[in-house]
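Here's the structure, in structure tokens; my notes come after.
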Amino acid sequence: MKITRDDLLIAAFKLFMSVNYEKASFAELGKMLGMSKAGIFKYYKNKQELFIAVVDKFLFGTQNPRNKFTATNGTFAEFIDEYVRGVQRTMDMLSKLLSVNKVAPENFSYHAQYFHFLFQVIQYDPDAKEKLHNLVASDYAYWRAAIQSAVQTGELKKDIDIEEAVIMFRQVYMGLSFEMAFLGGLDTQLLSKHLHAIYSLLKS
């Protein structure tokens with residue numbers, strides 16, 4: 001059976017999600033795939049190069065707003081709903097990819113593992129800070145454009161501070177994501193409820 005680059009990246013993602021970077025090895029990855037270390041070296045010359053490829057695909061690519069959300073020309077309320085759907089789609093994709101079933105209450109969810117993976121990215125990807133800055137900026141820009149449009153159409157109050165509104169909406173998502181990661185995973189229904197609560201305070 002031929003192992004493709006995508007097969008290799010998915011297996012490596014699972015490995016890096018389950019163990020620290022230091023403990024991950026080509027030998028273990030080879031066992032997972034039924035291939036030799038030499039076969040892996042044909043694709044990536046060392047562990048760091050493989051790790052960065054995994055990071056680019058399953059963090060920066062997956063979380064990029066252009067890949068995560070479907071554009072909508074509707075109301076800002078509809079934008080919020082689509083944002084939540086995009087978050088849920090991404091969670092479902094990662095869950096399926098990692099073959100996640102039911103997580104025992106005493107164990108960390110894969111959501112917590114994903115944050116652990118993020119901390120490893122900061123440590124082992126030399127370009128992580130720049131990539132993270134660009135990712136955050138893209139998400140803020142996504143919210144900013146939607147809020148500005150809603151202000152212009154009169155859906156949101158004319159006198160709101162757009163930058164503060166952007167921060168409020170996005171930080172609710174980030175805060176819930178981090179907090180609930182250690183409690184079984186993000187509840188997107190609760191996320192929707194909180195985002196719409198802020199919306200109700202800002203709408204005209």
Side-chain angles (χ1 to χ4, degrees), residues 1-69 86-139 142 173-188:
M1 176 179 168
K2 180 176 174 57
I3 302 299
T4 67
R5 186 180 295 268
D6 277 348
D7 293 332
L8 176 57
L9 289 176
I10 290 170
F13 178 47
K14 291 179 179 180
L15 181 60
F16 288 123
M17 283 280 286
S18 63
V19 300
N20 290 333
Y21 175 89
E22 297 91 340
K23 293 182 179 179
S25 68
F26 276 19
E28 182 63 29
L29 185 58
K31 288 180 184 178
M32 293 170 65
L33 291 166
M35 67 187 299
S36 66
K37 289 194 294 183
I40 299 173
F41 281 121
K42 290 180 181 178
Y43 290 101
Y44 298 99
K45 62 184 180 183
N46 55 51
K47 182 165 68 173
Q48 186 181 41
E49 185 178 278
L50 171 62
F51 180 71
I52 291 172
V54 169
V55 168
D56 287 342
K57 184 175 181 66
F58 295 109
L59 176 62
F60 297 113
T62 297
Q63 300 299 336
N64 188 313
R66 288 175 295 183
N67 301 328
K68 192 172 182 178
F69 307 111
V87 170
Q88 186 64 60
R89 280 195 300 269
T90 302
M91 288 167 50
D92 291 343
M93 181 272 290
L94 290 172
S95 175
K96 182 178 180 180
L97 192 66
L98 296 167
S99 302
V100 175
N101 295 313
K102 191 171 181 180
V103 178
E106 66 272 14
N107 294 334
F108 284 131
S109 68
Y110 83 90
H111 302 257
Q113 291 176 306
Y114 198 66
F115 275 104
H116 178 253
F117 175 65
L118 175 58
F119 295 140
Q120 293 186 80
V121 170
I122 295 169
Q123 189 171 359
Y124 295 107
D125 182 345
D127 298 320
K129 286 186 177 180
E130 180 181 356
K131 292 176 183 178
L132 284 168
H133 172 79
N134 292 336
L135 180 63
V136 170
S138 295
D139 207 53
Y142 187 70
Y173 163 59
M174 289 303 299
L176 276 180
S177 294
F178 186 77
E179 180 179 285
M180 298 190 78
F182 303 96
L183 302 171
L186 176 63
D187 181 339
T188 52

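Values reported hereafter were calculated over all heavy atoms of this structure, with side chains retained and with hydrogens, waters and symmetry mates removed. Just so it is clear, the structure is predicted and the values come from calculations on it, not from any experiment.
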Calculate, to the nearest 0.5 Å, the distance between atoms [atom1] and [atom2] belonging to [X] and [Y] respectively.
X: M32; Y: I3; atom1: CE; atom2: CD1; value: 11.0 Å
X: S18; Y: K23; atom1: OG; atom2: NZ; value: 10.5 Å
X: L98; Y: M93; atom1: CG; atom2: CE; value: 9.0 Å
X: I40; Y: L29; atom1: CD1; atom2: CG; value: 4.0 Å
X: H111; Y: M91; atom1: NE2; atom2: CE; value: 4.0 Å
X: I10; Y: L97; atom1: CD1; atom2: CG; value: 5.0 Å

Check whether any side-chain heavy atom of [X] lies under 4.5 Å from a side-chain heavy atom of [Y], and answer yes or no.
X: L50; Y: L9; value: yes
X: I52; Y: E49; value: no
X: Q120; Y: V55; value: no

So, using ring-ring contact (aromatic ring centres under 6.0 Å, His included) as the criterion, who are the partners of [X] when residues are at least two apart?
X: Y114; result: none
X: F178; result: F115, F182
X: Y173; result: Y83

Non-neighbouring partners of [X] that pass side-chain contact (heavy atoms from CB on, under 4.5 Å), sequence neighbours left out:
X: Y43; result: K2, R5, L8
X: T90; result: T62, Q63, K68, L94
X: N64; result: R66, N67
X: Q123; result: E22

(request) Please identify each residue that fulfils side-chain hydrogen bond (donor to acceptor under 3.5 Å, both in side chains) with Q48, with sequence neighbours left out. (result)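 In terms of side-chain hydrogen bond (donor to acceptor under 3.5 Å, both in side chains), with neighbours along the sequence ignored, Q48 is linked to no residue.
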
(message) Under the rule for side-chain hydrogen bond (donor to acceptor under 3.5 Å, both in side chains), what residues qualify as partners of T188, not counting sequence neighbours?
(response)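 Once residues adjacent in sequence are excluded, the partners of T188 under the side-chain hydrogen bond (donor to acceptor under 3.5 Å, both in side chains) criterion are Q88.
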
(request) Under the salt bridge (charged side-chain N to carboxylate O under 4.0 Å, His left out) rule, collect the residues that match up with R89, sequence neighbours excluded. (result)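 Expected list: E82.
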
(request) Can you sort out the partners of K37 under salt bridge (charged side-chain N to carboxylate O under 4.0 Å, His left out), two or more places apart, ordered by chain and number? (result)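 In terms of salt bridge (charged side-chain N to carboxylate O under 4.0 Å, His left out), with neighbours along the sequence ignored, K37 is linked to no residue.
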
Ignoring hydrogens and angles, write down the donor-acceptor pairs under 3.5 Å from the side chains of residues 129-136, residues two or more places apart or on other chains.
residue: K131; atom: NZ; partner: D56; partner atom: OD1; Å: 2.8
residue: K131; atom: NZ; partner: D125; partner atom: OD2; Å: 2.8
residue: N134; atom: ND2; partner: E130; partner atom: O; Å: 3.3

(request) Search all heavy atoms of S25 against all heavy atoms of L15 and return the closest pair with its distance. (result)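 Of all heavy-atom pairs spanning S25 and L15, the closest is O-CD2, 3.8 Å.
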
(message) Taking ring pair (Phe, Tyr, Trp, His ring centres under 6.0 Å) as the criterion, tell me which of Y124, F16, F13, Y21 meets it with F117.
(response)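 Looking at Y124, F16, F13, Y21, the match for F117 under the ring pair (Phe, Tyr, Trp, His ring centres under 6.0 Å) is F13.
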
(request) Please test F26 against Y44 for ring-ring contact (aromatic ring centres under 6.0 Å, His included), starting from the C-alpha separation and ending with a verdict. (result) CA-CA 10 Å; F26 276 19; Y44 298 99; 8.2 Å; no

(request) Examine the side chains of D92 and S95 and answer whether a donor and an acceptor come within less than 3.5 Å of each other. (result)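 No - no donor-acceptor pair under 3.5 Å links their side chains.
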
